[in-house]
Peer 1: 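Below is a structure I'd like to ask you about.
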Amino acid sequence: MKSNNKLKIFNDPIYGFITIPNSLIFDLIQHKYFQRLRRISQMGLSYLVYPGAHHTRFHHALGSMHLMQKAINVLRFKGVTISKDEENGLLIAILLHDIGHGPFSHAMEHSIVNGISHEEISLKFMETLNEEFNGSLTLAISIFKGEYPRKFMCQLISSQIDMDRADYLKRDSFYTGVAEGNINSERLITMLNVINDQLVIEEKGIYSVEKFLVARRFMYWQVYLHKTGVVAEQLLMRILKRAKELVELGNVLNCSKALIFFLKSDVTKESFNSKTLAIFAQLDDYDIVAAMKDWKNHDDFVLQNLCEMILNRDLLKIKMKNKPIKTSELVSYSNALMDKYMISKKEADYFVFHGEITNVAYQNKKAPINILLKSRKIKTIIKVSDQLNLKALGKPITKYYMCYPKKKM
């Protein structure tokens, strides 16, 4: 039985009650494409490091929509005209901005599909929903794509201080227990304004912006790019790569129909059509976990060991360095593995490898955060901040890692 009471409320552990503003948004939240986000973890395999990080993309999407409601109210209060249609467009765009994420969020972007980002898949979902909802998502899609003429609306969805970041930093810090990431998103939003169609932060909000940028940097190094999280994500990508290889060689692998489709097909941006989208919509974290539980008993040495490592959290060793890794450093690990298990170099490479990670907390060149001074002048946060390290936050930092088996493998 369908309920007609569509103005429901969610109880969120961070913001308290979140209200659903209208029946269109209620119907979008009820849709199977959106409900799927309950089965996609927000932070991939970070729960292997922070046991509390089990929240989902569903939580985050609702939280971002709640912050957007607040931002719209603040801007209207300050005299910025936002029509009812534009309000709806903003709420739908932020609600659906992450709907294209695959299982375990980012890990799948490089494994299941080639050269198509989650943003592009989100857009495909929105276009499909737009047909289903008789064109009522057209404005939201225009804002999401950054094409809407009122630029500040596009900035609320995607910029250096958008509602997406305002929610995930606070939410991820809450669920991981990493207090350094706990930003005051409410205060930041209260300081928003629009000048010449650009989003600005009023001068009183300078310290909130500084804290936001520093929190972002902390969260990247302490949480998102935590070395254990990095190695776990690499293992997951390698599991799917190996599974794909085995399927191509004619091996039979037990897994869901949706997953086997992506293992058998080479899905690219060009070949990602409505049929592919419908199958992609059936994929979530559970497909991958169920597959790993089955594959750990497979007779392929690589696949079974990689699956065991993630399921039992007995991961490879990882070392982080500030200088590029010399391949000679890895040769001894590779040779030892080949000798011990009589495996090929190609198989050993699944367990011995190196890579790099880069983090920029603030992209000063790309759409900087602008501060509205009391004199009504506008300057970038770097120019008005007395925080010496803000300039440093604009420099990309690259770290290099090498992974290899622990002695007992």
Side-chain angles (χ1 to χ4, degrees), residues 6-10 12 15-29 34 60-99 119 122-123 126-127 129-130 133-168 170 183-205 208-209 212 367-372 376 378:
K6 296 191 172 184
L7 298 176
K8 297 221 179 291
I9 51 176
F10 287 96
D12 184 74
Y15 310 120
F17 292 118
I18 293 178
T19 53
I20 298 178
N22 57 53
S23 58
L24 170 61
I25 287 174
F26 176 89
D27 291 338
L28 285 168
I29 291 171
F34 191 81
H60 164 59
L62 290 177
S64 303
M65 182 192 74
H66 172 72
L67 293 182
M68 184 65 84
Q69 285 174 299
K70 286 203 170 305
I72 291 166
N73 290 340
V74 164
L75 293 175
R76 278 183 176 153
F77 180 73
K78 291 179 184 177
V80 180
T81 312
I82 299 171
S83 72
K84 200 75 192 135
D85 284 348
E86 286 171 331
E87 175 183 1
N88 239 357
L90 282 165
L91 293 174
I92 292 168
I94 198 72
L95 183 73
L96 303 180
H97 76 282
D98 269 348
I99 200 170
E119 289 92 351
S122 291
L123 184 59
M126 286 162 89
E127 285 164 347
L129 287 166
N130 198 27
F133 285 85
N134 305 321
S136 47
L137 279 74
T138 307
L139 182 58
I141 289 170
S142 167
I143 296 172
F144 179 78
K145 287 164 84 172
E147 291 172 355
Y148 195 63
R150 302 189 74 188
K151 285 293 158 231
F152 80 90
M153 294 194 176
C154 307
Q155 290 167 341
L156 283 168
I157 304 290
S158 179
S159 65
Q160 298 218 60
I161 202 150
D162 55 34
M163 297 306 105
D164 171 32
R165 290 180 187 190
D167 180 78
Y168 78 63
K170 195 168 178 61
I183 55 160
N184 190 342
S185 45
E186 309 267 332
R187 175 157 174 84
L188 260 179
I189 289 169
T190 310
M191 295 297 139
L192 285 177
N193 210 330
V194 174
I195 302 287
N196 300 331
D197 202 35
Q198 298 290 328
L199 213 51
V200 294
I201 302 275
E202 291 164 0
E203 192 173 347
K204 288 179 292 192
S208 299
V209 175
F212 173 83
I369 296 172
N370 288 319
I371 303 294
L372 174 65
R376 307 303 284 171
I378 292 175

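Fair warning: this is a prediction, and the values are worked out from it, not measured in the lab.
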Peer 1: Between atom CG of Leu75 and atom CG of Leu192, what is the distance when rounded to the nearest 0.5 Å?
Peer 2: 5.5 Å
Peer 1: Distance alone, cut at 3.5 Å: any donor-acceptor contact between the side chains of Asn130 and Thr138?
Peer 2: yes
Peer 1: Any side-chain heavy atom of Leu123 sitting closer than 4.5 Å to one from Lys145?
Peer 2: yes
Peer 1: Is any side-chain heavy atom of Leu62 less than 4.5 Å from a side-chain heavy atom of Leu95?
Peer 2: yes
Peer 1: Test side chain to side chain contact (heavy atoms under 4.5 Å, CB included) on Gln69 and Thr19 and set out the steps.
Peer 2: CA-CA 9 Å; Gln69 285 174 299; Thr19 53; 3.8 Å; yes
Peer 1: Using 0.5 Å steps for rounding, measure from the CD1 atom of Ile157 to the CE atom of Met163.
Peer 2: 9.0 Å
Peer 1: Is there a donor-acceptor pair closer than 3.5 Å between any side-chain N or O of Lys151 and the backbone N or O of Gly146?
Peer 2: yes
Peer 1: Shortest non-hydrogen contact from Ser122 to Phe144?
Peer 2: CB-CZ, 4.0 Å
Peer 1: For residues Gly89 and Ala140, report the shortest heavy-atom separation together with the two atoms involved.
Peer 2: O-CB, 3.4 Å
Peer 1: Atom CD1 in Ile82, atom CZ in Arg150: separation rounded to 0.5 Å?
Peer 2: 6.5 Å
Peer 1: Taking the side chain as everything from C-beta on, heavy atoms only, tell me whether Asp98 gets closer than 4.5 Å to His60.
Peer 2: yes
Peer 1: Hey, are the side chains of Phe152 and Asn196 touching, using non-hydrogen atoms and a 4.5 Å cut-off?
Peer 2: no
Peer 1: Are the side chain of Asn22 and the backbone N or O of Leu24 linked by a donor-acceptor pair below 3.5 Å?
Peer 2: yes
Peer 1: Please name the pair of heavy atoms, one in Ala166 and one in Ser185, separated by the smallest distance, quoted to 0.1 Å.
Peer 2: O-CB, 3.7 Å
Peer 1: Checking the side chain of Ser23 only, and the main-chain atoms of Phe26 only, is there a donor and an acceptor separated by less than 3.5 Å?
Peer 2: no
Peer 1: Quick one: does any side-chain atom of Arg187 pair with a main-chain N or O of Gly205 as donor and acceptor, under 3.5 Å?
Peer 2: no
Peer 1: So do the side chains of Met191 and Glu203 get within less than 4.5 Å of each other, counting heavy atoms only?
Peer 2: no
Peer 1: Would you find more than 12 non-hydrogen atoms of other residues, nucleotides or ligands less than 6.0 Å from Lys78 atom NZ?
Peer 2: yes
Peer 1: Just how far is it from atom CE of Met65 to atom CG of Leu28, taken to the nearest 0.5 Å?
Peer 2: 10.5 Å
Peer 1: For a quick test of reading the model, state the closest non-hydrogen atom pair linking Ala71 to Leu156 and the distance between them.
Peer 2: CB-CD2, 4.3 Å
Peer 1: Assess the residue pair Leu129 and Leu96 against the criterion (side chain to side chain contact (heavy atoms under 4.5 Å, CB included)); give the C-alpha distance rounded to whole Å, side-chain angles, the decisive distance to 0.1 Å, and a yes or no.
Peer 2: CA-CA 10 Å; Leu129 287 166; Leu96 303 180; 4.1 Å; yes
Peer 1: What verdict does the side chain to side chain contact (heavy atoms under 4.5 Å, CB included) test give for Asp12 and His66, after you've listed the backbone C-alpha separation in whole Å, the side-chain angles of each residue and the deciding distance to 0.1 Å?
Peer 2: CA-CA 10 Å; Asp12 184 74; His66 172 72; over 6 Å; no
Peer 1: Which atom names give the shortest non-hydrogen contact between Leu91 and Pro21, and what distance separates them?
Peer 2: CD1-CG, 3.7 Å
Peer 1: Quick one: pull up CZ in Phe212 and CD1 in Ile161 and give me the separation to the nearest 0.5 Å.
Peer 2: 4.5 Å
Peer 1: Rounded to the nearest 0.5 Å, what separates atom CG in Asn88 from atom OG in Ser83?
Peer 2: 9.0 Å
Peer 1: Does a donor on one side chain and an acceptor on the other come within less than 3.5 Å for Tyr15 and Glu186?
Peer 2: no
Peer 1: For the pair Gln198 (side chain) and Ile195 (backbone), establish whether a donor and an acceptor sit closer than 3.5 Å, ignoring hydrogens and angles.
Peer 2: no
Peer 1: Show, in sequence, the C-alpha distance, side-chain angles and deciding distance for Ile371 and Val200, and conclude whether the side chain to side chain contact (heavy atoms under 4.5 Å, CB included) test is met.
Peer 2: CA-CA 6 Å; Ile371 303 294; Val200 294; over 6 Å; no
Peer 1: Can a donor-acceptor pair be found, under 3.5 Å and without considering hydrogens, that links the side chain of Ser158 to the backbone of Gln155?
Peer 2: no
Peer 1: Side chains of Asn193 and Ile201, heavy atoms from C-beta outward: is any pair under 4.5 Å?
Peer 2: no
Peer 1: Please tell me whether Asp162 and His97 have a donor and an acceptor in their side chains that are separated by less than 3.5 angstrom.
Peer 2: no
Peer 1: Shortest non-hydrogen contact from Ser64 to Asp164?
Peer 2: OG-CA, 4.0 Å
Peer 1: Do the non-hydrogen side-chain atoms of Ile20 and Phe10 ever get within less than 4.5 Å of each other?
Peer 2: yes
Peer 1: I want to check something: taking the side chain as every heavy atom from C-beta on, are Pro368 and Asn370 in contact at a cut-off of under 4.5 Å?
Peer 2: yes
